[in-house]
Number of protein chains: 2
Amino acid sequence: MKLSQGVEWGLHCAALLALAPPGMTVRREGLAGHYALPVTYLAKHLQAMARAGVLHAVTGPRGGYRLARPPGDITVLDVVEAIEGPAPPFVCQEIRQRGTGAVPPESCRRPCAIDALMTQADRAWRDSLRAVTIADLVDRYPPGLRERNAELVAKAAS
Amino acid sequence: MKLSQGVEWGLHCAALLALAPPGMTVRREGLAGHYALPVTYLAKHLQAMARAGVLHAVTGPRGGYRLARPPGDITVLDVVEAIEGPAPPFVCQEIRQRGTGAVPPESCRRPCAIDALMTQADRAWRDSLRAVTIADLVDRYPPGLRERNAELVAKAAS
DNA sequence: GGATTGGTACTCGGATATTACGTGTCCGAGTATTCTAGG
DNA sequence: CCTAGAATACTCGGACACGTAATATCCGAGTACCAATCC
(Lines give C-alpha, C1' and ligand atoms only; values in the text may rest on other atoms or scores of the structure.)
Protein backbone atom coordinates (compact mmCIF):
# COMPACT_ATOMS: atom_id res chain seq x y z
CA MET A 1 0.00 0.00 0.00
CA LYS A 2 1.95 2.92 -1.28
CA LEU A 3 0.68 6.22 -2.60
CA SER A 4 2.40 7.55 -5.68
CA GLN A 5 4.70 10.49 -5.03
CA GLY A 6 3.06 12.14 -8.00
CA VAL A 7 0.17 12.98 -5.70
CA GLU A 8 2.37 15.25 -3.64
CA TRP A 9 3.74 16.88 -6.77
CA GLY A 10 0.29 17.39 -8.22
CA LEU A 11 -1.08 18.97 -5.05
CA HIS A 12 1.84 21.36 -4.67
CA CYS A 13 1.58 22.36 -8.31
CA ALA A 14 -2.17 22.86 -8.07
CA ALA A 15 -1.69 25.08 -5.04
CA LEU A 16 0.90 27.06 -6.95
CA LEU A 17 -1.36 27.41 -9.98
CA ALA A 18 -4.08 28.73 -7.67
CA LEU A 19 -1.84 31.74 -7.02
CA ALA A 20 -1.25 32.49 -10.70
CA PRO A 21 -3.01 35.53 -12.18
CA PRO A 22 -6.46 34.56 -13.49
CA GLY A 23 -6.37 33.25 -17.04
CA MET A 24 -2.59 33.03 -17.14
CA THR A 25 -0.77 29.75 -17.69
CA VAL A 26 2.44 28.33 -16.25
CA ARG A 27 4.74 26.07 -18.21
CA ARG A 28 5.64 22.71 -16.75
CA GLU A 29 9.25 23.84 -16.72
CA GLY A 30 8.25 26.66 -14.40
CA LEU A 31 6.33 24.33 -12.11
CA ALA A 32 9.13 21.77 -12.04
CA GLY A 33 11.76 24.42 -11.35
CA HIS A 34 9.86 25.83 -8.43
CA TYR A 35 10.11 22.49 -6.60
CA ALA A 36 13.21 21.04 -8.32
CA LEU A 37 11.25 18.16 -9.83
CA PRO A 38 12.20 16.15 -12.92
CA VAL A 39 10.42 18.00 -15.71
CA THR A 40 9.67 15.05 -17.95
CA TYR A 41 8.18 12.90 -15.24
CA LEU A 42 6.15 15.72 -13.74
CA ALA A 43 4.72 16.20 -17.22
CA LYS A 44 3.16 12.75 -16.99
CA HIS A 45 1.21 13.67 -13.88
CA LEU A 46 0.21 17.10 -15.17
CA GLN A 47 -1.05 15.35 -18.25
CA ALA A 48 -3.13 12.99 -16.12
CA MET A 49 -4.62 15.92 -14.24
CA ALA A 50 -5.48 17.66 -17.50
CA ARG A 51 -7.13 14.49 -18.78
CA ALA A 52 -9.17 14.25 -15.58
CA GLY A 53 -10.45 17.79 -16.01
CA VAL A 54 -8.57 19.29 -13.07
CA LEU A 55 -6.14 21.31 -15.16
CA HIS A 56 -6.53 22.97 -18.52
CA ALA A 57 -3.59 22.72 -20.90
CA VAL A 58 -2.70 25.26 -23.57
CA THR A 59 -0.20 24.34 -26.24
CA GLY A 60 2.05 26.57 -28.29
CA PRO A 61 3.97 29.69 -27.34
CA ARG A 62 2.74 31.41 -24.17
CA GLY A 63 1.08 28.10 -23.38
CA GLY A 64 1.15 26.03 -20.20
CA TYR A 65 -1.27 24.89 -17.52
CA ARG A 66 -3.93 26.61 -15.50
CA LEU A 67 -6.60 25.36 -13.14
CA ALA A 68 -9.69 24.22 -14.98
CA ARG A 69 -11.94 25.52 -12.18
CA PRO A 70 -11.72 28.00 -9.30
CA PRO A 71 -9.44 26.67 -6.51
CA GLY A 72 -12.40 26.45 -4.16
CA ASP A 73 -14.13 24.03 -6.53
CA ILE A 74 -11.22 21.60 -6.76
CA THR A 75 -10.94 19.17 -3.90
CA VAL A 76 -7.82 17.34 -2.88
CA LEU A 77 -9.63 14.12 -3.73
CA ASP A 78 -10.02 15.34 -7.31
CA VAL A 79 -6.25 15.63 -7.64
CA VAL A 80 -5.61 12.30 -5.93
CA GLU A 81 -8.07 10.46 -8.15
CA ALA A 82 -6.73 12.19 -11.23
CA ILE A 83 -3.27 10.80 -10.56
CA GLU A 84 -3.95 7.53 -8.77
CA GLY A 85 -7.02 6.62 -10.74
CA PRO A 86 -10.55 6.26 -9.36
CA ALA A 87 -10.25 2.54 -8.64
CA PRO A 88 -10.69 1.62 -4.95
CA PRO A 89 -7.61 0.12 -3.27
CA PHE A 90 -9.51 -2.97 -2.15
CA VAL A 91 -11.51 -5.23 -4.42
CA CYS A 92 -13.31 -8.22 -2.89
CA GLN A 93 -12.36 -11.46 -4.63
CA GLU A 94 -15.36 -13.31 -3.14
CA ILE A 95 -13.17 -16.12 -1.93
CA ARG A 96 -15.99 -17.12 0.44
CA GLN A 97 -17.70 -18.70 -2.61
CA ARG A 98 -14.73 -20.93 -3.37
CA GLY A 99 -13.04 -23.96 -1.85
CA THR A 100 -14.34 -26.61 0.52
CA GLY A 101 -16.06 -23.95 2.63
CA ALA A 102 -17.82 -22.37 -0.34
CA VAL A 103 -20.94 -20.43 0.51
CA PRO A 104 -23.79 -20.86 -2.00
CA PRO A 105 -24.34 -17.78 -4.20
CA GLU A 106 -27.88 -17.29 -2.93
CA SER A 107 -26.40 -16.51 0.48
CA CYS A 108 -24.08 -13.91 -0.98
CA ARG A 109 -26.53 -11.26 -2.09
CA ARG A 110 -25.03 -8.94 0.50
CA PRO A 111 -21.34 -8.07 0.39
CA CYS A 112 -19.28 -9.91 2.96
CA ALA A 113 -18.39 -8.15 6.20
CA ILE A 114 -14.79 -7.67 5.14
CA ASP A 115 -15.74 -6.02 1.89
CA ALA A 116 -18.23 -3.75 3.63
CA LEU A 117 -15.66 -2.77 6.23
CA MET A 118 -13.00 -1.99 3.68
CA THR A 119 -15.41 0.03 1.60
CA GLN A 120 -16.43 2.00 4.67
CA ALA A 121 -12.81 2.72 5.58
CA ASP A 122 -12.11 3.83 2.04
CA ARG A 123 -15.12 6.09 2.18
CA ALA A 124 -13.81 7.69 5.38
CA TRP A 125 -10.47 8.30 3.70
CA ARG A 126 -12.01 9.83 0.62
CA ASP A 127 -14.41 11.96 2.65
CA SER A 128 -11.45 13.34 4.53
CA LEU A 129 -9.76 14.32 1.28
CA ARG A 130 -12.94 15.64 -0.28
CA ALA A 131 -13.48 18.06 2.59
CA VAL A 132 -10.42 20.14 1.67
CA THR A 133 -10.01 22.19 -1.48
CA ILE A 134 -6.99 23.67 -3.18
CA ALA A 135 -8.09 27.07 -1.91
CA ASP A 136 -7.95 25.71 1.64
CA LEU A 137 -4.41 24.52 1.07
CA VAL A 138 -3.09 27.94 0.11
CA ASP A 139 -5.01 29.45 3.03
CA ARG A 140 -2.99 27.20 5.32
CA TYR A 141 0.33 28.43 4.00
CA PRO A 142 2.64 29.96 6.59
CA PRO A 143 2.35 33.76 6.82
CA GLY A 144 3.87 35.53 3.84
CA LEU A 145 4.37 32.43 1.72
CA ARG A 146 1.22 33.02 -0.23
CA GLU A 147 2.34 36.47 -1.34
CA ARG A 148 5.85 35.31 -2.12
CA ASN A 149 4.73 32.34 -4.20
CA ALA A 150 2.14 34.49 -5.96
CA GLU A 151 4.92 36.85 -6.96
CA LEU A 152 7.17 34.06 -8.13
CA VAL A 153 4.48 32.37 -10.16
CA ALA A 154 3.46 35.69 -11.69
CA LYS A 155 6.96 36.07 -13.12
CA ALA A 156 6.87 32.55 -14.51
CA ALA A 157 3.36 32.95 -15.91
CA SER A 158 2.70 33.79 -19.53
CA MET B 1 -2.65 2.81 -4.68
CA LYS B 2 -3.49 -0.83 -4.47
CA LEU B 3 -4.08 -2.95 -1.42
CA SER B 4 -2.52 -6.41 -1.48
CA GLN B 5 -5.01 -9.22 -1.94
CA GLY B 6 -3.22 -10.96 0.90
CA VAL B 7 -5.15 -8.69 3.25
CA GLU B 8 -8.41 -10.29 2.21
CA TRP B 9 -6.94 -13.74 2.61
CA GLY B 10 -5.51 -12.92 6.03
CA LEU B 11 -8.78 -11.50 7.32
CA HIS B 12 -10.82 -14.47 6.12
CA CYS B 13 -8.33 -16.89 7.63
CA ALA B 14 -8.26 -15.01 10.92
CA ALA B 15 -12.05 -15.10 11.07
CA LEU B 16 -11.95 -18.83 10.41
CA LEU B 17 -9.32 -19.40 13.08
CA ALA B 18 -11.54 -17.53 15.51
CA LEU B 19 -14.05 -20.37 15.15
CA ALA B 20 -11.53 -23.11 15.84
CA PRO B 21 -11.73 -24.89 19.22
CA PRO B 22 -9.60 -23.04 21.81
CA GLY B 23 -5.97 -24.09 21.78
CA MET B 24 -6.32 -26.11 18.60
CA THR B 25 -4.33 -25.30 15.49
CA VAL B 26 -5.21 -25.42 11.80
CA ARG B 27 -2.68 -26.27 9.12
CA ARG B 28 -2.17 -23.84 6.29
CA GLU B 29 -3.35 -26.55 3.93
CA GLY B 30 -6.66 -26.58 5.75
CA LEU B 31 -6.99 -22.79 5.59
CA ALA B 32 -6.05 -22.66 1.92
CA GLY B 33 -8.44 -25.47 1.01
CA HIS B 34 -11.35 -23.77 2.72
CA TYR B 35 -11.05 -20.81 0.35
CA ALA B 36 -9.29 -22.49 -2.61
CA LEU B 37 -6.18 -20.35 -2.21
CA PRO B 38 -2.67 -21.22 -3.39
CA VAL B 39 -1.13 -22.89 -0.35
CA THR B 40 2.45 -21.75 -0.83
CA TYR B 41 1.59 -18.13 -1.34
CA LEU B 42 -0.89 -18.01 1.49
CA ALA B 43 1.92 -19.35 3.66
CA LYS B 44 3.82 -16.16 3.01
CA HIS B 45 1.06 -14.03 4.48
CA LEU B 46 0.39 -16.35 7.41
CA GLN B 47 4.07 -16.17 8.16
CA ALA B 48 3.91 -12.36 8.16
CA MET B 49 0.96 -12.44 10.53
CA ALA B 50 2.82 -14.79 12.85
CA ARG B 51 5.86 -12.52 12.81
CA ALA B 52 3.66 -9.53 13.68
CA GLY B 53 2.24 -11.34 16.70
CA VAL B 54 -1.28 -11.81 15.33
CA LEU B 55 -1.02 -15.55 14.84
CA HIS B 56 0.88 -18.19 16.76
CA ALA B 57 2.57 -20.90 14.73
CA VAL B 58 3.25 -24.44 15.94
CA THR B 59 5.65 -26.63 13.98
CA GLY B 60 5.82 -30.38 13.73
CA PRO B 61 3.04 -32.99 13.60
CA ARG B 62 -0.35 -31.75 14.82
CA GLY B 63 1.01 -28.25 14.27
CA GLY B 64 -0.48 -25.29 12.47
CA TYR B 65 -1.73 -21.80 13.26
CA ARG B 66 -3.95 -20.38 15.94
CA LEU B 67 -4.83 -16.84 16.96
CA ALA B 68 -2.24 -15.36 19.29
CA ARG B 69 -4.94 -13.47 21.22
CA PRO B 70 -8.70 -13.68 21.74
CA PRO B 71 -10.61 -12.64 18.59
CA GLY B 72 -11.99 -9.60 20.40
CA ASP B 73 -8.46 -8.34 21.03
CA ILE B 74 -7.35 -8.50 17.40
CA THR B 75 -8.41 -5.56 15.27
CA VAL B 76 -8.70 -5.57 11.52
CA LEU B 77 -5.97 -2.95 11.49
CA ASP B 78 -3.64 -5.42 13.21
CA VAL B 79 -4.08 -7.85 10.33
CA VAL B 80 -3.74 -5.16 7.68
CA GLU B 81 -0.55 -3.78 9.20
CA ALA B 82 0.84 -7.27 9.66
CA ILE B 83 0.54 -7.93 5.93
CA GLU B 84 0.96 -4.50 4.38
CA GLY B 85 3.52 -3.23 6.86
CA PRO B 86 3.08 -0.37 9.29
CA ALA B 87 4.48 2.28 6.90
CA PRO B 88 2.01 5.03 6.01
CA PRO B 89 1.00 5.20 2.34
CA PHE B 90 2.08 8.83 2.02
CA VAL B 91 5.49 10.19 2.97
CA CYS B 92 6.14 13.90 2.54
CA GLN B 93 9.22 14.55 0.44
CA GLU B 94 9.46 18.17 1.61
CA ILE B 95 9.70 19.44 -1.92
CA ARG B 96 8.73 22.88 -0.63
CA GLN B 97 12.31 23.22 0.59
CA ARG B 98 13.76 22.60 -2.86
CA GLY B 99 13.92 24.44 -6.16
CA THR B 100 13.66 28.12 -7.01
CA GLY B 101 10.73 28.50 -4.63
CA ALA B 102 12.52 26.83 -1.72
CA VAL B 103 11.20 27.76 1.70
CA PRO B 104 13.92 28.26 4.35
CA PRO B 105 14.11 25.42 6.88
CA GLU B 106 13.30 27.69 9.80
CA SER B 107 9.87 28.22 8.27
CA CYS B 108 9.28 24.47 8.03
CA ARG B 109 9.08 23.51 11.67
CA ARG B 110 5.46 22.60 11.13
CA PRO B 111 4.55 19.91 8.56
CA CYS B 112 3.16 21.37 5.36
CA ALA B 113 -0.59 21.47 4.86
CA ILE B 114 -0.52 18.63 2.37
CA ASP B 115 1.38 16.35 4.71
CA ALA B 116 -0.95 17.20 7.58
CA LEU B 117 -4.00 16.53 5.44
CA MET B 118 -2.73 13.20 4.19
CA THR B 119 -1.79 12.13 7.69
CA GLN B 120 -5.25 13.04 8.91
CA ALA B 121 -6.92 11.09 6.11
CA ASP B 122 -4.72 8.08 6.86
CA ARG B 123 -5.66 8.37 10.51
CA ALA B 124 -9.35 8.32 9.61
CA TRP B 125 -8.79 5.20 7.51
CA ARG B 126 -6.87 3.43 10.26
CA ASP B 127 -9.36 4.44 12.93
CA SER B 128 -12.10 2.90 10.82
CA LEU B 129 -10.19 -0.37 10.63
CA ARG B 130 -9.17 -0.29 14.28
CA ALA B 131 -12.78 -0.03 15.41
CA VAL B 132 -13.60 -3.55 14.19
CA THR B 133 -12.21 -6.77 15.61
CA ILE B 134 -12.04 -10.28 14.27
CA ALA B 135 -14.80 -11.20 16.71
CA ASP B 136 -17.00 -8.53 15.14
CA LEU B 137 -16.38 -10.03 11.72
CA VAL B 138 -17.66 -13.47 12.65
CA ASP B 139 -20.61 -11.85 14.41
CA ARG B 140 -21.56 -10.30 11.09
CA TYR B 141 -21.63 -13.64 9.31
CA PRO B 142 -24.93 -14.53 7.67
CA PRO B 143 -27.18 -16.72 9.86
CA GLY B 144 -25.90 -20.26 10.18
CA LEU B 145 -22.53 -19.65 8.59
CA ARG B 146 -20.79 -19.31 11.91
CA GLU B 147 -21.94 -22.73 13.05
CA ARG B 148 -21.18 -24.36 9.71
CA ASN B 149 -17.67 -22.91 9.50
CA ALA B 150 -17.02 -23.80 13.13
CA GLU B 151 -17.91 -27.39 12.33
CA LEU B 152 -15.72 -27.44 9.24
CA VAL B 153 -12.73 -25.94 10.99
CA ALA B 154 -13.16 -28.34 13.90
CA LYS B 155 -12.70 -31.25 11.52
CA ALA B 156 -9.58 -29.67 10.03
CA ALA B 157 -8.15 -28.73 13.42
CA SER B 158 -5.54 -30.82 15.17
C1' DG C 1 1.02 51.29 -44.92
C1' DG C 2 -1.85 47.18 -44.33
C1' DA C 3 -3.06 42.44 -45.09
C1' DT C 4 -1.67 37.88 -46.14
C1' DT C 5 1.02 33.89 -46.16
C1' DG C 6 4.64 31.04 -45.11
C1' DG C 7 8.05 29.80 -41.78
C1' DT C 8 9.56 29.12 -37.13
C1' DA C 9 9.88 28.41 -32.39
C1' DC C 10 7.56 26.86 -28.54
C1' DT C 11 4.25 23.99 -25.85
C1' DC C 12 1.91 19.79 -24.60
C1' DG C 13 0.64 14.63 -25.78
C1' DG C 14 1.52 9.88 -26.34
C1' DA C 15 4.72 6.00 -26.99
C1' DT C 16 8.95 3.86 -25.14
C1' DA C 17 12.88 1.79 -21.57
C1' DT C 18 14.16 0.90 -16.61
C1' DT C 19 13.47 -0.20 -11.85
C1' DA C 20 10.92 -1.72 -7.64
C1' DC C 21 7.42 -4.29 -5.52
C1' DG C 22 3.82 -7.68 -5.29
C1' DT C 23 3.01 -12.45 -6.82
C1' DG C 24 4.13 -17.23 -6.95
C1' DT C 25 7.20 -21.19 -5.73
C1' DC C 26 10.69 -24.04 -3.77
C1' DC C 27 13.75 -26.46 -0.38
C1' DG C 28 15.71 -26.59 4.38
C1' DA C 29 15.18 -26.24 9.91
C1' DG C 30 12.82 -27.95 13.81
C1' DT C 31 9.59 -30.96 16.56
C1' DA C 32 6.12 -34.53 18.20
C1' DT C 33 5.29 -39.03 17.03
C1' DT C 34 6.30 -43.79 16.63
C1' DC C 35 8.62 -47.88 16.20
C1' DT C 36 12.21 -50.79 17.98
C1' DA C 37 15.40 -52.72 21.03
C1' DG C 38 16.97 -53.44 25.58
C1' DG C 39 16.13 -54.13 30.55
C1' DC D 1 5.62 -55.33 30.28
C1' DC D 2 7.99 -50.86 30.63
C1' DT D 3 11.48 -47.60 29.21
C1' DA D 4 15.01 -45.39 26.43
C1' DG D 5 16.56 -44.24 22.12
C1' DA D 6 16.77 -43.24 17.36
C1' DA D 7 14.48 -43.00 13.07
C1' DT D 8 10.64 -40.83 10.79
C1' DA D 9 7.07 -38.10 9.09
C1' DC D 10 5.02 -33.83 9.38
C1' DT D 11 4.86 -28.71 10.09
C1' DC D 12 6.44 -24.03 9.49
C1' DG D 13 10.41 -20.62 8.11
C1' DG D 14 13.28 -18.29 5.01
C1' DA D 15 15.53 -18.00 0.39
C1' DC D 16 14.68 -18.03 -4.74
C1' DA D 17 12.19 -16.79 -9.79
C1' DC D 18 8.42 -14.26 -12.35
C1' DG D 19 4.93 -10.61 -13.72
C1' DT D 20 2.96 -6.26 -13.28
C1' DA D 21 2.90 -1.46 -12.16
C1' DA D 22 5.29 2.76 -10.85
C1' DT D 23 9.34 5.46 -12.32
C1' DA D 24 11.95 7.97 -15.68
C1' DT D 25 12.66 9.55 -20.47
C1' DC D 26 12.29 10.54 -25.31
C1' DC D 27 10.40 12.17 -29.82
C1' DG D 28 6.29 13.64 -32.50
C1' DA D 29 1.64 16.59 -33.04
C1' DG D 30 -0.37 21.00 -32.76
C1' DT D 31 -0.57 26.11 -32.08
C1' DA D 32 0.58 31.05 -31.65
C1' DC D 33 3.83 34.20 -33.02
C1' DC D 34 6.72 36.62 -36.36
C1' DA D 35 8.70 38.03 -40.48
C1' DA D 36 8.75 38.59 -45.22
C1' DT D 37 6.11 39.57 -49.16
C1' DC D 38 2.47 41.28 -51.99
C1' DC D 39 -1.28 44.61 -52.79
Side-chain angles (χ1 to χ4, degrees), chain A residues 1-10 13 17 20 23-33 36-68 80 82-85 87 89-91 93 95 156-158, chain B residues 1-10 13 17 23-33 36-66 68 80 82-85 87 89-91 93 95 156-158:
Chain A
M1 242 271 287
K2 194 166 77 63
L3 202 61
S4 169
Q5 63 177 358
V7 169
E8 182 180 5
W9 300 1
C13 289
L17 285 174
M24 303 295 258
T25 62
V26 181
R27 297 177 303 150
R28 55 192 190 193
E29 177 117 6
L31 292 171
L37 304 176
V39 185
T40 55
Y41 187 27
L42 175 65
K44 196 182 189 69
H45 297 305
L46 294 174
Q47 179 180 344
M49 286 198 279
R51 193 162 18 194
V54 174
L55 299 186
H56 180 74
V58 177
T59 62
R62 299 179 58 85
Y65 293 96
R66 62 174 174 82
L67 294 183
V80 171
I83 294 175
E84 285 289 324
F90 180 86
V91 282
Q93 303 288 110
I95 64 175
S158 57
Chain B
M1 242 271 286
K2 193 166 78 63
L3 202 61
S4 168
Q5 62 176 359
V7 169
E8 182 179 5
W9 300 1
C13 288
L17 285 173
M24 303 297 256
T25 63
V26 182
R27 297 176 304 150
R28 55 193 190 191
E29 177 120 7
L31 292 171
L37 303 177
V39 185
T40 55
Y41 187 26
L42 175 65
K44 198 182 188 68
H45 297 304
L46 294 174
Q47 179 180 344
M49 286 197 278
R51 193 163 15 196
V54 173
L55 300 185
H56 181 76
V58 177
T59 62
R62 300 178 59 83
Y65 293 96
R66 62 175 174 82
V80 171
I83 293 175
E84 286 289 325
F90 180 87
V91 283
Q93 303 288 111
I95 64 174
S158 57

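Every chain is numbered from 1 and lettered A, B, ... according to where its sequence line falls, protein lines coming before strand lines.
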### Query
What is the distance, rounded to the nearest whole Å, between atom CH2 of B:Trp9 and atom P of C:dG22?
14 Å
### Query
For the side chain of A:Glu8 and the backbone of B:Gln93, is there at least one donor-acceptor N/O pair under 3.5 Å apart?
yes
#### Entry: side-chain N/O B:Arg27 vs D:dT11 OP1/OP2, d < 4.0 Å
yes
## Note on the structure
Value for CD (A:Gln5) from NE2 (A:His45), rounded to nearest 0.5 Å, stands at 6.5 Å
### Query
Is there a donor and acceptor pair, one atom on the side chain of B:Lys2 and one on the base of C:dG22, closer than 3.5 Å?
no
### Query
NE2 of B:His45 versus P of D:dC12: gap in Å, rounded?
16 Å
#### Entry: Residue A:Ala57, side-chain atoms from C-beta onward, closest of C:dG13, D:dC12, C:dG24
C:dG13
### Task
Ignoring backbone atoms, establish whether A:Gln47 has a side-chain N or O less than 4.0 Å from OP1 or OP2 of C:dG14.
yes
### Task
Taking only the side-chain nitrogens and oxygens of B:Thr25, find out if one of them lies under 4.0 Å from OP1 or OP2 of D:dT11.
no
## Note on the structure
Taken to the nearest 0.5 Å, the spacing of B:Cys13 SG from B:Met49 CE works out to 6.0 Å
### Query
C:dG13 P sits how many Å from A:Met49 CE, rounded?
11 Å
#### Entry: Distance (rounded to the nearest 0.5 Å) between B:Leu3 CG and A:Lys2 NZ
14.5 Å
### Query
D:dA21 P sits how many Å from B:Leu3 CG, rounded?
15 Å
### Query
For C:dT23, does OP1 or OP2 lie under 4.0 Å from any side-chain N or O of B:Tyr41?
yes
### Task
For B:Gln93 and D:dT23, give me the distance from atom CD to atom P, rounded to whole Å.
10 Å
#### Entry: Nearest to side-chain heavy atoms of B:Thr40, which nucleotide of D:dC12, C:dT25, C:dA9
C:dT25
## Note on the structure
Assign each of B:Leu42 and B:Glu84 the nucleotide of DNA chain C bearing its closest heavy atom; nearer the 5' end lies the nucleotide of B:Glu84
### Task
Measure from the side-chain heavy atoms of B:Gln5 and tell me the nearest of D:dA32, D:dT25, C:dG24.
C:dG24
### Message
Classify B:Arg51 by what it touches in the nucleic acid, base, sugar-phosphate, or nothing, heavy-atom distance under 4.0 Å.
### Response
sugar-phosphate
### Query
If you look at every strand shown and take non-hydrogen atoms under 4.0 Å, does A:Gly64 touch a base, only sugar-phosphate, or nothing?
sugar-phosphate
### Query
Which nucleotide in the list D:dG13, C:dA32, C:dG13 gets nearest to the side chain of B:Pro61?
C:dA32
### Task
Taking only the side-chain nitrogens and oxygens of A:Thr59, find out if one of them lies under 4.0 Å from OP1 or OP2 of D:dA29.
no
### Query
Is the side chain of B:Glu84 donor-acceptor paired with the backbone N or O of B:Ser4 at a distance under 3.5 Å, no angle test?
yes
#### Entry: Residue whose nearest DNA chain D nucleotide is more 5′ - A:Ser4 or B:Gly63
B:Gly63
### Spacing between A:Tyr65 atom OH and C:dT11 atom C1', to the nearest angstrom
9 Å
### Task
Send over the distance from B:Arg28 CZ to D:dC10 C1', rounded to a whole Å.
11 Å
### Distance, nearest 0.5 Å, that separates CG of A:Leu55 from CG of A:Leu31
8.5 Å
### Message
Output the rounded distance in Å from CE (A:Met1) to P (D:dA21).
### Response
18 Å
